[in-house]
Amino acid sequence: MKTKRVLLACALGLLVAVSAPAMAIAQVLQPVPEVVAPPRAFKTAEEHYNYLKRHHRGGTVHTHESVPKWEGLWEASYNSIALRGGVSPFFVGPIPPGLAAGGEVAEGVLTPEYEAAFKQRREHMIPFNEQPYDRLTTCEAVGPARWLLEPYVREWVNTPTQSWWMNDLANETRRVFINQDHKNIDGANSPTGDSVGFWAGDQLIVWTNDMWPADYFRGYPPFSNEMQMIEVYQLVQEPNGLSRLEAQVTYYDPISLAKPLSGVYTWTRATVQEDAGYRIRHWDCDSNIQQKDANDLTTIRLPGEDGKTWHQHRNPDLPADLSGQTKTPGEVDFDSLIGSAQ
Amino acid sequence: MAVAALACAASATVAIAHHSFSMFDPAQEIVLEGKVVRWAFTSPHTFMIIEDAAGKVWAFEGAAPPALLARNPPMTGDTFKGGDPITVIMCPLRDGRAGGASGLFISADKVVYNPADAGCRANQRIADWPAWIEKGYKSLADAKAAGEAKAQ
């Protein structure tokens, strides 16, 4: 029992460490949300989704007035899958601190092929004490699984026909089409896949398919291009009056998972950022471009290393000295600084 | 339990950015003095560009704006302006180019800012670095050689 309390305390402590420092300790020291397993075992996300839709008699048809409002900035808080909770089904015992190497990979969670791949990834991390190359290096979209727990902030905007989930990270927006069927006229998977959903009172139930293969987080297992997810969202009011958005998520991936995997993710309002006037802007990936080096490691291109200004990069057909072509009036061109000095 | 939670929090090393930090050397913490050339308060990473006394321009990557707004003291796009004197404690790029990961910024009026992402852990020595700089240390190695950083 004492061990369990210490583990819970460590989980909460890690949450404190990965959250904004201004997050009130009282807010953090709430009961850890329980993972709610699906009402019964399902083989596929489609079975799971259709069962829930039948259970909720087709769901609730909301109007603009009645649809739950989750506006504002939110930041990732506790989850049971990776990084922010101190625990993960992919490791035995507490997870390695931060994104460090080490830890004991839990066996039997992944299929043998993906378990071996995950162990290979963890082995590869040891000399660097972290994953030395991350696919996000080139500003690739994180994908829905990682979207749930990444840092930065995000917004949820619900309408009766769509929900728009906007993440500061890579500015990746998920669109959930309410009371609609999956459509894929592209004939291909996409970074965020295709999400459909329905409301059951104040719960939003979402089914996502057709995603690119990706990962749960840096240093965590990959999943395949057959991954599908069921997410059940609800705004929870804590006894102390604070709001927490919670999602019970079940992953279905016959290629990478030995059996469907469930977890819980939570978010709290980013009041510090809101009070400071923060607004999500488009990412500025040109100012500090990450790239893969000759050894397959992440590195950065320093501004101006190739001798071109930002304007020259984006307007090769225009005069190099054209007026008014820095990002902000009066600004020294970012890319010209180092290039001109070396 | 709250004490245990905080103890675990204090011991955690957290990376919260979108890419690996393996290109930076966290074992080195180096002091650079110069003037701000450009402070870019941009996502996915902030960037501090300074010019040192020899006229060499350096660029340092830091945490993203949402994180810096929650630091103490907070930082915005107006916190540092071109021409401001600044001291940077940084962890250099392993390949020797003129850049690195931001660790700490110290302004002319001695305010210590923590802009670090997980590429540099100088912020874990935020209470030590101002005094070490007063003593003339130019790196974590200097502090260690003087017996100041034994417990680090």
Side-chain angles (χ1 to χ4, degrees), chain A residues 5-6 8-10 12-18 20-23 25 28-29 75 86 97-100 128 130-134 136-137 139 142 150-153 168-170 218 270 272-273 276 278 281 283-285 287-288 290 293 297-300 302-303 305 331-332 334 337-338 341-342, chain B residues 1-24 26 37-38 40-47 49 51 55-72 74 76-77 82 93-95 97-101 114 117-118:
Chain A
R5 282 205 303 271
V6 170
L8 175 60
C10 277
L12 291 167
L14 286 162
L15 175 57
V16 172
V18 301
M23 177 186 281
I25 299 299
V28 174
L29 293 178
E75 59 189 348
L99 290 172
F128 309 94
E130 65 174 307
Q131 186 180 321
Y133 179 78
D134 185 321
L136 270 57
T137 291
C139 280
V142 296
E150 280 283 0
Y152 307 89
V153 293
D168 195 354
L169 199 157
R218 186 186 317 144
V272 170
Q273 289 80 359
Y278 184 73
R281 310 293 190 198
W283 264 24
D284 197 346
C285 286
S287 63
N288 46 95
Q290 280 75 44
D293 72 10
L297 306 179
T298 296
T299 189
I300 55 174
L302 296 175
E305 279 190 325
E331 182 177 279
V332 175
F334 196 85
L337 297 169
I338 287 183
Q342 291 180 333
Chain B
M1 183 187 288
V3 172
L6 290 172
C8 287
S11 65
T13 301
V14 179
I16 56 164
H18 80 292
H19 64 72
S20 171
F21 298 94
S22 60
M23 65 280 215
F24 304 118
V37 174
R38 174 89 184 276
F41 193 68
T42 51
S43 281
H45 291 280
T46 52
F47 237 61
I49 298 186
E51 182 176 343
K56 187 171 184 177
V57 178
W58 298 74
F60 305 108
E61 180 187 283
L68 299 198
L69 289 170
R71 301 281 165 89
N72 184 19
T76 72
L93 281 164
R94 292 182 193 275
D95 62 16
R97 289 178 294 154
N114 170 16
D117 220 331

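Numbered from 1 within each chain, the chains take letters A, B, ... in sequence-line order. Source: prediction; values computed, not measured.
Looking only at distances, a side-chain donor or acceptor of A:Glu130 sits under 3.5 Å from a matching main-chain atom of B:Ser22. Looking only at distances, no side-chain donor or acceptor of A:Tyr152 sits under 3.5 Å from a matching main-chain atom of B:Ser43.
Nearest approach of B:Ser20 to A:Asp134, heavy atoms of both residues: N-CB, 4.0 Å. B:Met23 and A:Ile300 get closest at one heavy-atom pair: CE-CG2, 3.5 Å. Of all non-hydrogen atoms in B:Ala59 and A:Leu302, the two that sit nearest each other are CB-CD2, 4.1 Å.
Partners of A:Arg281 under the salt bridge (charged side-chain N to carboxylate O under 4.0 Å, His left out) rule, at least two apart in sequence or in another chain, do not exist in this structure. Residues passing the side chain to side chain contact (heavy atoms under 4.5 Å, CB included) test with A:Ala270 are A:Leu73, A:Glu75, A:Val153, A:Gln273, sequence neighbours excluded.
Chain B forms more heavy-atom pairs under 4.5 Å with one residue of A:Asp168, A:Asp293, A:Leu297 than with any other, namely A:Asp168.
Residue B:Asn72: no heavy atom, backbone or side chain, is found under 4.5 Å from chain A. Interface remark: A:Tyr133 contributes backbone atoms only to the contact with chain B (heavy atom separation under 4.5 Å).
Defined by atom type and a distance below 3.5 Å, a donor-acceptor pair is missing between the side-chain atoms of A:Thr299 and B:Arg94.
Using a 4.5 Å cut-off on side-chain heavy atoms (C-beta onward), A:Tyr278 and B:Leu68 make no contact. Contact annotation: the side chain of A:Trp283 approaches that of B:Pro44 to within less than 4.5 Å [non-hydrogen atoms, C-beta and beyond].
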